[in-house]
Each structure stands twice: as structure tokens, then as C-alpha cells.
2 protein chains.
Amino acid sequence: MKYNLIIVDDHKMFLDGLLSILNSENDYNILLTAKNGKHIAKYLEINPDEKIDLIITDITMPEMDGIALNKIVKERKSNIKTLVVSMHNNPDMIDNLIEHDVDGYVPKNAEKEELLKAIQTILGGEKYFSREIKDIYMENKFSKKKNEEVKLTQREIDVITLIAQEFTTQEIADKLFLSKHTIESYRKNLIAKLSVRNLAGLTKYAMKMNYIQE
Amino acid sequence: MKYNLIIVDDHKMFLDGLLSILNSENDYNILLTAKNGKHIAKYLEINPDEKIDLIITDITMPEMDGIALNKIVKERKSNIKTLVVSMHNNPDMIDNLIEHDVDGYVPKNAEKEELLKAIQTILGGEKYFSREIKDIYMENKFSKKKNEEVKLTQREIDVITLIAQEFTTQEIADKLFLSKHTIESYRKNLIAKLSVRNLAGLTKYAMKMNYIQE
DNA sequence: ATCAATATCCCTGAAAACAGGGGTCTTTGT
DNA sequence: ACAAAGACCCCTGTTTTCAGGGATATTGAT
């Protein structure tokens with residue numbers, strides 16, 4: 001009996017690569033491929049009883065990315081394993097995935113052999129993370145300890161986002177229906193919390209955290 | 001007689017994808033694959049007389065990226081065609097490639113058929129760019145006209161870099177052995193030139209231009 | 001030789017940011 | 001039930017930014 005796999009990736013050529021690797025193995029049956037997580041989420045909803053063993057997914061995809069997909073799968077269908085194959089090694093993404101019980105993570109520049117090993121390991125019930133990914137995860141956890149878990153409230157995120165979008169204090173106050181003084185307080189707290197010196201530091205933080213895109 | 005191709009990409013799995021696509025065609029002989037442009041540049045140097053028809057390359061790679069590789073190939077071996085296959089659609093990268101006579105550009109999310117068409121077109125002596133890439137290129141040229149080529153002097157780059165690194169005006173003045181007033185003038189000019197509103201805008205520009213990494 | 005671009009410096013006044021305090025009220029967890 | 005955390009507001013005084021005008025000296029290209 002073959003394992004049923006689903007592959008999600010918005011890069012056609014990469015998909016072809018994965019397919020050619022997996023088709024040369026006999027144990028895997030590719031149920032479905034898709035360009036984004038939304039298709040898969042829908043599919044799982046419509047076919048609740050189908051036996052699906054593993055979903056292999058990229059991270060950056062239009063509409064619904066791999067982070068969101070993994071979250072949904074683990075919340076609704078925790079018996080389905082998930083393996084992320086991505087070229088991104090953003091520590092926060094990795095952290096998010098691991099917190100949401102992803103079963104494995106292999107970078108896209110990994111050897112074919114490692115990918116197959118990851119799949120086998122995961123289907124065997126264990127987790128598989130590439131050395132590189134483990135290192136990034138640990139490094140991140142370690143340095144987070146030093147920074148003493150800087151966590152912003154939603155309101156603070158609102159304010160820092162607007163600051164990074166080049167709005168003045170008064171404009172932000174108007175937008176949020178708050179007093180100018182309140183915004184000044186938030187800015188002051190943000191600068192202290194994030195250990196930066198001024199607007200430039202706040203802006204960089206906002207970019208790093210993807211509060212703004214530009 | 002087969003065409004001799006070289007493929008450069010640091011993502012093993014993607015390489016496998018390309019190989020499986022191209023091996024199923026009979027016209028192509030894959031001479032060599034590599035993980036970065038440096039290997040290829042070396043290879044071309046050592047084997048100056050080998051008949052090479054086309055180099056297919058990614059853009060982001062360690063050591064020597066696709067931009068640099070294309071430049072070198074076109075400068076030293078202009079008879080070798082180059083095709084970029086990348087998921088990046090940064091207008092400046094595309095612009096750079098086209099200025100340096102790249103023969104084609106196909107995004108990684110293109111269909112297999114489009115890739116093959118691109119290769120055939122290029123080997124036939126014409127250029128091939130995906131609709132998407134052409135659009136980005138034209139859009140960029142068009143909007144550049146509007147923005148009237150914002151070009152910063154080296155000194156301005158120095159100043160904006162330090163600003164984005166969170167230094168105060170006085171600190172920047174000290175570092176550059178200039179008066180505080182001079183830095184203020186530079187900042188004023190930068191804000192005008194770049195059509196931004198404040199430090200946040202300057203910081204974002206500096207990041208976009210890679211003046212700072214963080 | 002000359003002209004444009006660049007680099008440098010200065011001033012004023014208004015607006016904004018910043019440091020460092022103060023506070024109330026509501027929500028949330030235990 | 002009560003403490004902690006968050007959201008919200010205010011004040012004073014200093015520093016910095018920003019818009020708007022200047023100016024001069026050097027350099028590079030035509």
C-alpha cells in the first residue's frame with residue numbers, strides 16, 4: 001500500500017523536480033499538487049475521509065502560505081504529517097512552524113537523498129529537521145532569551161506600523177482616534193522596549209517583522 | 001548534433017527538476033551543473049574552446065550570482081547564450097540583465113512548456129522573455145522616467161547609510177568630520193530627492209538599496 | 001575657459017521628537 | 001477578588017528635525 005502525498009508549491013518547475021524525485025520511488029502516490037495552501041485547505045474540507053499521509057509544502061505562496069497551511073492542517077487534521085521544503089530560513093517562520101507541530105523542514109538546496117530521508121522519517125512517525133534548520137531554531141531560541149522576549153501588544157504594533165509608514169505623531173493620533181500624547185507614549189515605550197535609538201530603529205524593526213512590506 | 005547546456009542553480013531540488021525536464025528532450029546535452037557562477041566562470045576559463053550553447057542560471061546564488069555570471073559570460077564569451085530562470089522579479093535585476101544582453105528570462109513558476117519554448121527560441125538566435133518579465137521591465141523604465149532618475153552621490157549614500165544606522169545628526173557629523181549643518185542639508189536634500197517624509201522613509205530607502213543589511 | 005554638479009557651511013523659525021516623570025480605567029488571569 | 005498588564009491621557013523642558021532660504025570652493029566635463 002502506497003503512501004498518499006500532497007505537494008504544494010507555486011513554482012511549477014520546482015514541482016516538476018519534486019515529482020520526478022518522488023515518482024522514481026515506488027512507495028509514494030501523489031494525490032494532488034497545488035499552487036497555494038487555499039486549494040489544499042478546501043480539498044481537505046471537501047474530502048474529510050480520504051487517507052492523506054503527508055503534505056509537502058513551500059512557505060511563500062500566494063493567497064495562503066505554508067505557515068498558515070501548516071497551522072490549519074495541524075488544527076483540523078492532526079493525523080496528516082507536514083513537511084516544509086523552502087529556501088527561507090527566517091528564524092521566526094521556523095519558530096512558528098515548530099510551535100505549530102510541523103513534522104519536518106528541509107531547505108530547497110538539500111540533496112535529493114536528504115529529502116527522501118526526511119519523508120521516510122516523517123512517515124515512520126518521527127520528526128525530521130535539517131541540521132541547518134535546527135541550528136537556526138536553537139540560535140533563535142538562545143538569542144531570544146538574551147533579548148528577554150520582546151513582545152509587542154497589538155496597539156503597539158499598530159503604532160509602529162504607522163510610524164514606519166512615515167506618518168507623523170499627529171497623523172497617527174488622528175488615524176487611531178487617540179491623543180497625540182498617547183502616541184508619544186507608545187513611541188517612547190517602543191523605543192525602550194526594542195532597545196533602539198530613534199525612528200530609524202523602529203522602522204527597521206517594523207520591516208524585519210514584516211509589519212510593512214515596501 | 002545536440003546542443004550543449006550548462007545549468008547553474010544552488011537549489012539541488014530545482015536542478016533535479018530542470019534536469020528531468022531537459023533529459024526527456026533529445027536535443028540537449030547537459031555538459032555541467034553547478035551551485036554558483038564562480039564554478040562556471042572558472043570552467044569557461046579552463047576550457048576556452050569547448051562548444052557551449054546555453055547557460056541556464058538562477059539569480060540568487062552564493063559566491064557569484066546570476067547577474068555577475070551573465071555579465072562575465074557576455075563580456076568574454078558573447079557567443080554563449082544565457083537564460084535566467086528565477087523567482088525574483090526585482091526590476092533593477094531585470095534591468096541589469098537586459099542591459100548586459102541576457103538572452104532570456106523565465107520565472108520559476110512558469111510552465112515546463114514555456115521553459116522549453118524559451119530554450120528553443122534562444123537557441124534559434126532570438127531572445128525570449130516571459131510576458132511577466134517584459135511587463136516589469138517596461139513598467140520600470142516608464143516609472144523611472146517619471147521619477148527622473150534619482151541618483152545619489154557617494155556622500156549622500158554615506159549620510160543616508162549612517163542615518164539608517166540610527167546615528168544622530170551630530171554623530172554623523174563627527175564621523176564624517178563635517179559640520180552638523182552640513183548633515184542637516186544632506187538630510188534635507190535626501191528627503192526631497194527621494195520624495196519621502198522623514199527618517200522612516202530614508203531608512204526604508206536605505207534598506208531597499210541594501211545600504212544596510214539588518 | 002566655463003559651466004554644472006558636488007561638497008561644504010550657515011541661519012531662522014516652526015514642528016516634531018525625546019526623556020522622564022505623572023496619572024486613570026478596563027481587561028484578564030488566577 | 002485582586003493584581004498585573006494594557007490602553008489611554010497629560011506635563012515640562014530639551015533636543016532634533018524640517019522647510020525655507022542663503023553662501024563658497026572644488027572638481028570634472030565640454
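So that the names make sense, note that chain A is the first sequence line, chain B the second, and so on, each numbered from 1. Keep in mind the model is a prediction, meaning the values are calculated, not measured.
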Open item on the list: In the structure I gave you, are the side-chain heavy atoms of A:Phe14 and B:Met87 within less than 4.5 Å of one another anywhere?
Closed with: no
Task: Non-hydrogen side-chain atoms of A:Glu50 and A:Leu44 separated by less than 4.5 Å - done: no
Task: Close side-chain approach of B:Tyr105 to B:Val85, heavy-atom, < 4.5 Å - done: no
Open item on the list: Could you tell me how far apart B:Leu178 (CG) and C:dC10 (C1') are, to the nearest whole angstrom?
Closed with: 14 Å
Task: Stretch residues 181-191 of chain A: residues that reach within less than 4.0 Å of DNA chain C through a heavy atom - done: A:Arg187, A:Lys188, A:Ile191
TODO: Could you walk me through whether A:Gln165 and A:Tyr211 pass the side-chain hydrogen bond (donor to acceptor under 3.5 Å, both in side chains) test, one step at a time?
DONE: CA-CA 10 Å; A:Gln165 283 168 351; A:Tyr211 296 151; over 6 Å; no
Task: Side-chain heavy-atom pair B:Met93, B:Asn96 within 4.5 angstrom cut-off - done: no
Open item on the list: With a cut-off of less than 4.0 Å, is there a side-chain N or O of B:Thr153 near OP1 or OP2 of C:dA5?
Closed with: no
TODO: For A:Ile157 and D:dG6, give me the distance from atom CD1 to atom P, rounded to whole Å.
DONE: 12 Å
TODO: List in numerical order all residues of residues 164-175 of chain B for which some heavy atom is under 4.0 Å away from an atom belonging to DNA chain C.
DONE: none
- [ ] Taking only Lys NZ, Arg NE, NH1 and NH2, and the carboxylate oxygens of Asp or Glu, determine whether B:Lys71 and B:Glu75 approach each other closer than 4.0 Å.
- [x] yes
Open item on the list: At under 4.0 Å between heavy atoms, how does the protein contact nucleotides 25-30 of chain C? Give one character per nucleotide, 5' to 3', with B, S or -.
Closed with: ------
TODO: Round to the nearest Å and state the distance from B:Lys193 atom NZ to D:dA19 atom P.
DONE: 16 Å
Open item on the list: Under a 4.0 Å threshold between the charged nitrogen and the carboxylate oxygen, would B:Lys127 count as salt-bridged to B:Asp101?
Closed with: yes
Open item on the list: Using the side-chain contact (heavy atoms from CB on, under 4.5 Å) definition, which of the options A:Ile59, A:Ile133, A:Ile67 pairs with A:Ile94?
Closed with: A:Ile133
Task: Validation row: A:Leu69, A:Ile55 side chains within 4.5 angstrom (heavy atoms) - done: yes
Open item on the list: In whole Å, I'd like the distance from the CG atom of B:Asp158 to the C1' atom of C:dT8.
Closed with: 14 Å
- [ ] Figure out the CZ/P separation between A:Phe177 and D:dA7, and round it to whole Å.
- [x] 18 Å
Open item on the list: Donor-acceptor check, side chain of B:Glu171 to backbone of B:Thr168, threshold 3.5 angstrom: yes or no?
Closed with: yes
TODO: Nearest whole angstrom, please: distance from the C1' of C:dT6 to the CD of B:Glu156.
DONE: 9 Å
Open item on the list: If I take atom CZ in residue B:Arg155 and atom C1' in nucleotide D:dT26, what distance separates them, rounded to the nearest angstrom?
Closed with: 14 Å
- [ ] Please report, rounded to the nearest Å, how far the C1' atom of C:dA15 is from the CZ atom of B:Arg197.
- [x] 13 Å
Task: Nearest heavy atoms of B:Val159 and B:Ile172, plus distance in Å - done: O-CD1, 4.3 Å
